[in-house]
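What follows is a set of notes on a single structure, which appears directly below.
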Amino acid sequence: MKALSREQYQAVVHGLYSVLLGLLGGILLIYSALDEVALWPLGSWTWTLPGEVSLWRALHTGPLLNGVLAIVLVYVSASLGATAARARRIAYALIMMVWGNGLFYVFRIWGQTRGLAVESQQFGDGNLADFVAMVSASLAMLATFYALTVLLVLGLTKIRSLP
């Protein structure tokens, strides 16, 4: 396998940033579940975080999975022999996926509709956090579909070229 391009390495680094965001989300998940900051042996302090525990769990697991997915897909694109231009576009799409979903997981905690809609029959009118969460997730979804479609075509082409 050939060396990665600068853009591919950037996508790997952004994937690692996303993993870091997920780990920080895990710390906040603990504090949310306990409704306190417990730092043994220093003691604990009451601290109620906004949002439900399930939203903090999503902030923990979502960025972890997105970061790992971005890193894996960079190496998949390299193993499938993506041209320099395709590899660059895939890398940028993966960076958009990582940060679009990262913003979604963060902003939905403060949203009224959990970032799933600007308004909803179940949750009512949304707020600015819902709008940011929904738009960023929508852009991330489009970028992910683009990257996966290109990789699927590359993979199928590679399979057809094998004896």
Side-chain angles (χ1 to χ4, degrees), residues 1-29 32 50-52 54-123 125-161:
M1 183 169 50
K2 63 182 180 177
L4 299 179
S5 68
R6 177 179 176 80
E7 293 83 6
Q8 288 173 310
Y9 281 120
Q10 287 174 333
V12 168
V13 169
H14 284 275
L16 294 170
Y17 283 142
S18 184
V19 170
L20 181 61
L21 175 63
L23 294 175
L24 293 173
I27 294 169
L28 294 171
L29 168 61
S32 173
E52 299 171 14
S54 64
L55 299 174
W56 290 100
R57 186 180 309 111
L59 178 61
H60 171 50
T61 58
L64 284 173
L65 293 172
N66 277 288
V68 171
L69 178 64
I71 294 166
V72 167
L73 291 181
V74 164
Y75 285 97
V76 167
S77 71
S79 72
L80 292 176
T83 63
R86 276 192 179 151
R88 183 175 53 254
R89 289 191 298 268
I90 291 168
Y92 287 141
L94 294 175
I95 292 169
M96 185 181 290
M97 174 196 75
V98 161
W99 290 114
N101 282 321
L103 288 171
F104 168 73
Y105 287 116
V106 169
F107 278 92
R108 73 187 297 238
I109 292 168
W110 288 273
Q112 297 296 315
T113 67
R114 299 181 177 195
L116 302 175
V118 176
E119 62 178 277
S120 158
Q121 289 183 359
Q122 182 177 355
F123 297 110
D125 290 337
N127 57 21
L128 181 61
D130 289 309
F131 177 77
V132 172
M134 188 185 75
V135 169
S136 64
S138 298
L139 293 173
M141 178 185 62
L142 293 173
T144 306
F145 282 145
Y146 169 78
L148 286 176
T149 301
V150 171
L151 289 170
L152 281 168
V153 169
L154 284 172
L156 291 170
T157 303
K158 188 75 153 182
I159 290 170
R160 289 187 190 120
S161 71

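Summarising the geometry, atom CG belonging to Asn101 is positioned 10.5 Å from atom CG belonging to Leu65; distances are rounded to the nearest 0.5 Å. Note: Ser5 OG to Ile90 CD1 = 10.0 Å, rounded to the nearest 0.5 Å. The OG atom of Ser54 sits 5.0 Å away from the CZ atom of Arg114 when rounded to the nearest 0.5 Å. In this structure, Leu154 CG and Ile159 CD1 are separated by 11.0 Å, a value rounded to the nearest 0.5 Å. Atom CG of Leu20 sits about 9.5 Å away from atom CG of Leu64, to the nearest 0.5 Å. Once rounded to the nearest 0.5 Å, the distance linking CG of Leu151 with CG of Leu94 reads 7.5 Å.
Proximity of Gln112 to Asp125: side-chain heavy atoms (C-beta onward) are nowhere separated by under 4.5 Å. In this structure, the side chains of Leu69 and Leu73 come closer than 4.5 Å at one or more pairs of heavy atoms. Contact of the Asp130 side chain with the Val118 side chain is not registered, since no non-hydrogen atoms from C-beta on lie closer than 4.5 Å. Proximity of Tyr75 to Val12: side-chain heavy atoms (C-beta onward) are separated by under 4.5 Å at one or more points. Contact of the Arg86 side chain with the Val150 side chain is registered, since non-hydrogen atoms from C-beta on lie closer than 4.5 Å. Using a 4.5 Å heavy-atom threshold, the side chains of Tyr92 and Gln10 count as touching. With contacts defined as side-chain heavy-atom distances shorter than 4.5 Å, the pair Leu21/Tyr105 does not qualify.
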**Message:** Could you walk me through whether Ile27 and Leu23 satisfy the side-chain contact (heavy atoms from CB on, under 4.5 Å) test, starting with their C-alpha distance in whole Å, then the side-chain angles of each, then the deciding distance to 0.1 Å, before giving a yes or no?
**Reply:** CA-CA 7 Å; Ile27 294 169; Leu23 294 175; over 6 Å; no

**Item:** Chi angles and distances behind the side-chain contact (heavy atoms from CB on, under 4.5 Å) call for Val19, Val68
**Value:** CA-CA 7 Å; Val19 170; Val68 171; 4.3 Å; yes

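In this structure, Gly15 and Val98 approach most closely via the heavy-atom pair CA-CG2, 4.3 Å. In terms of heavy-atom proximity, Ala140 sits nearest to Met97 at CB-O, 3.7 Å. The minimum heavy-atom distance linking Ser79 with Lys158 is given by the pair O-CE, 4.2 Å. Nearest heavy atom pair, residue Ala143 against residue Ala93, reads CB-O, 3.4 Å. Residues Ala133 and Gly115 share a closest heavy-atom pair of CB-CA, 3.7 Å. Taking every heavy atom of both residues into account, Leu116 and Phe104 meet most closely at CD2-CZ, 4.1 Å.
With sequence neighbours excluded, the residues forming a ring-ring contact (aromatic ring centres under 6.0 Å, His included) with Tyr17 are His14, listed by chain and number.
Just one residue in the list Leu59, Thr113, Leu55 forms a side-chain contact (heavy atoms from CB on, under 4.5 Å) with Arg108, and that residue is Leu55.
Counting heavy atoms of neighbouring residues, nucleotides and ligands inside a 6.0 Å radius, atom CE of Met96 does not exceed 12 of them.
Checked by atom type and distance alone, the side chain of Asn127 pairs as donor or acceptor with a backbone atom of Trp110 at under 3.5 Å. Side-chain atoms of Ser136 come within 3.5 Å of backbone N or O of Val132 as a donor-acceptor pair.
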